[in-house]
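Quick notes on the structure that follows.
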There are 2 protein chains.
Amino acid sequence: MHILIIGAAGMVGRKLAARLAKDANLDGRAIDAMTLVDVVTPEAPAGFTGKTVLETVDLSATGEAERLVARRPDVIFHLAAIVSGEAELDFDKGYRINLDGTRYLFDGIRIAHGQDGYKPRVVFTSSIAVFGAPLPYPIPDEFHTTPLTSYGTQKAICELLLSDYSRRGFFDGIGIRLPTICIRPGKPNKAASGFFSNILREPLVGQEAVLPVSEDVRHWHASPRSAVGFLIHGATIDVEKVGPRRNLSMPGLSATVGEQIDALRRVVGEKAVSLIRREPDEMIMRMCAGWAPGFEAKRATELGFTAEKSFDEIIKVHIEDELGGKL
Amino acid sequence: MHILIIGAAGMVGRKLAARLAKDANLDGRAIDAMTLVDVVTPEAPAGFTGKTVLETVDLSATGEAERLVARRPDVIFHLAAIVSGEAELDFDKGYRINLDGTRYLFDGIRIAHGQDGYKPRVVFTSSIAVFGAPLPYPIPDEFHTTPLTSYGTQKAICELLLSDYSRRGFFDGIGIRLPTICIRPGKPNKAASGFFSNILREPLVGQEAVLPVSEDVRHWHASPRSAVGFLIHGATIDVEKVGPRRNLSMPGLSATVGEQIDALRRVVGEKAVSLIRREPDEMIMRMCAGWAPGFEAKRATELGFTAEKSFDEIIKVHIEDELGGKL
């Protein structure tokens, strides 16, 4: 089978490609080819013996979606997006990439479907940013999407398109509302939510990290490994079981910052905890107040999606996947 | 003030223009001009002494949205849409008119806002078709939008755009989710939901009507007069009180077909009821099962939107507004 990953140079895209290369099959079907595209050229995953095509593609540019679809990939993972902060700063770019780009892809598939019955699986990464405060805790599966960012709006619109195009039979779509990914590997970045990862990742390697909010802030997390697991499961799940409501809030772990720190203490010790420096930031605290504290995620759990059950587990996953299994 | 109605030739558009012409003011401000546009040229409302411009406009055609916005109307009522059945039959046309046309309008306003700070009130007619079965009864304000038609999808997407563009400050948008309008004036039409009106309107003038479903079918209704009232209230309401969630399920009357018939009996008598002929239609019965039985509409009610409290009242409104006050 042929797999296309759009947004393959991002953190989750790279890990997904690596996992598929390692598995060499999806749901028992051998993977013969992978096409990996992004706005910067993705790297080839190690150890893949099938055909690999690596390309620089801007999905919002004329003809690009049609070109990708022309190869008739069996499964399309669509992970590409302008992130929340940039979509808020650059209105046109956010709508062009996050909405129009996705619509071009969906329409490209629709036209191909009309030509020869082509009907791929499309796994789309949505986000808990489709929800906007005030939010209950836990958020039920049937809660409305009232985003408070343009990014969240664009994701919510693409979810609606995904469901309608699936209902029409143009493709089999599954929308995956990812929790905040924790522990995000790499360097600390400027994302307002970065501290959730920073306060664990940096102390794990003996570095200081800044905590800008109080310990009672509650949020919704899953590891990068779980995120990849969601996407793989979304690519193989029986869509008949899913029914017409194709966008699913993924399972995750609802935890306070205090619970994160307790887990760090249990797994690594007090010395790591002492590397967390408290520097309250009014702006980040205000933003946090509007973020999702946690979800019921009943449907996704019943459909077999799984995530970590404790922050100890999330920290251990990071140690295994990013630090070679030891500190 | 200058008012623009897009979709002014439709049933609700005509009644809205007539009401505005009669009132000659909106929230105490005199109406100097009305621009009435539709895909067919609208009629001028009787008795309006301000300037009236009547035009044939396809909002989805290049440059048309900009041209309408160039006149800087203070209030824009956007009622234009391809109806549900047609949007389902003609995928491209539905998305072009219902989604792209609306987005062109919103972007036209956004660009004008960037030029000179133009910030009109935009009242958008959405629909209970944004909800898809299975549905609880009553449907709470915070229930998710999972439409089962392309029309409902297009309306739900426009709602998201309306909220985001309002949040960004480009205009003050209010989305009005209309109940099924009953009693719809005119001739029986082929809409699957037409019987809700037909079984009252036809017997009121001594004509037979066909009832294709059982009497226990429950649905959500408001009169044309209430629909116009919703739009006027949406044009004048304090948006600060509405907050960021700009799309509101309107109040209405939840009633079974049996309750409709009981009201007809009370208001007109058994002879009218005897004109309803039962002709069960499997397809319409199946479609009905997915329609909204009723809403809590707490927020809209708190914000001062009002509708009829009984079907007797709905029938009396029809007699007053369509039959000159007597049978």
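Just so we're on the same page: letters track the sequence lines, and every chain starts at 1. Both backbone and side-chain heavy atoms feed into the values below; hydrogens, waters and symmetry mates do not.
- Between chain A and the residues B/E159, B/E88, B/Q154, the largest count of heavy-atom pairs under 4.5 Å involves B/E88.
- When each of B/A156, B/G152, B/P244, B/S150 is scored by its heavy-atom pairs under 4.5 Å with chain A, the top score falls to B/S150.
- When heavy atoms are compared at a cutoff of 4.5 Å, A/T146 approaches chain B solely by way of its side chain, counted from C-beta outward.
- Using non-hydrogen atoms only and a strict 4.5 Å limit, no part of residues 291-307 of chain B faces chain A.
- A distance of 11.5 Å separates NE2 in A/H144 from CZ in B/F143, rounded to the nearest 0.5 Å.
- Residue A/F170 touches chain B through its side chain alone, counting heavy-atom pairs closer than 4.5 Å.
- When heavy atoms are compared at a cutoff of 4.5 Å, B/D141 approaches chain A solely by way of its backbone atoms N, CA, C and O.
- Looking at B/R246, there are no atoms closer than 4.5 Å to chain A (heavy atoms on both sides), in backbone or side chain.
- Comparing A/L148, A/N247, A/L99, A/D107 by how many heavy-atom pairs each has under 4.5 Å with chain B, the most go to A/L148.
- In this structure, chain A has heavy atoms under 4.5 Å from both the backbone and the side chain of B/F91.
- In terms of non-hydrogen atom pairs under 4.5 Å with chain B, the most contact-rich of A/S163, A/A133, A/P140, A/G243 is A/A133.
- Neither the backbone nor the side chain of B/Y151 comes within contact range of chain A, judged by heavy atoms closer than 4.5 Å.
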Between B/D164 and A/T149, is the side chain to side chain contact (heavy atoms under 4.5 Å, CB included) condition met? List the steps. CA-CA 7 Å; B/D164 198 41; A/T149 58; over 6 Å; no
Can you give the donor-acceptor pairs under 3.5 Å from side chains of residues 68-84 of chain A to other protein atoms, not counting sequence neighbours?
unit_1, atom_1, unit_2, atom_2, d
A/R71, NH2, A/E55, OE1, 3.3
A/R71, NH2, A/E55, OE2, 2.8
A/R72, NE, A/D116, OD2, 3.0
A/R72, NH1, A/V69, O, 3.1
A/R72, NH2, A/Q115, OE1, 3.2
A/R72, NH2, A/D116, OD2, 3.0
A/D74, OD2, A/H2, N, 2.7
A/H78, NE2, A/T102, OG1, 2.9

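- A/L161 CG to B/T153 OG1: the interatomic distance, rounded to the nearest 0.5 Å, is 7.5 Å.
- Between atom CD of residue A/E142 and atom CG of residue B/L135 there is a gap of 9.0 Å, rounded to the nearest 0.5 Å.
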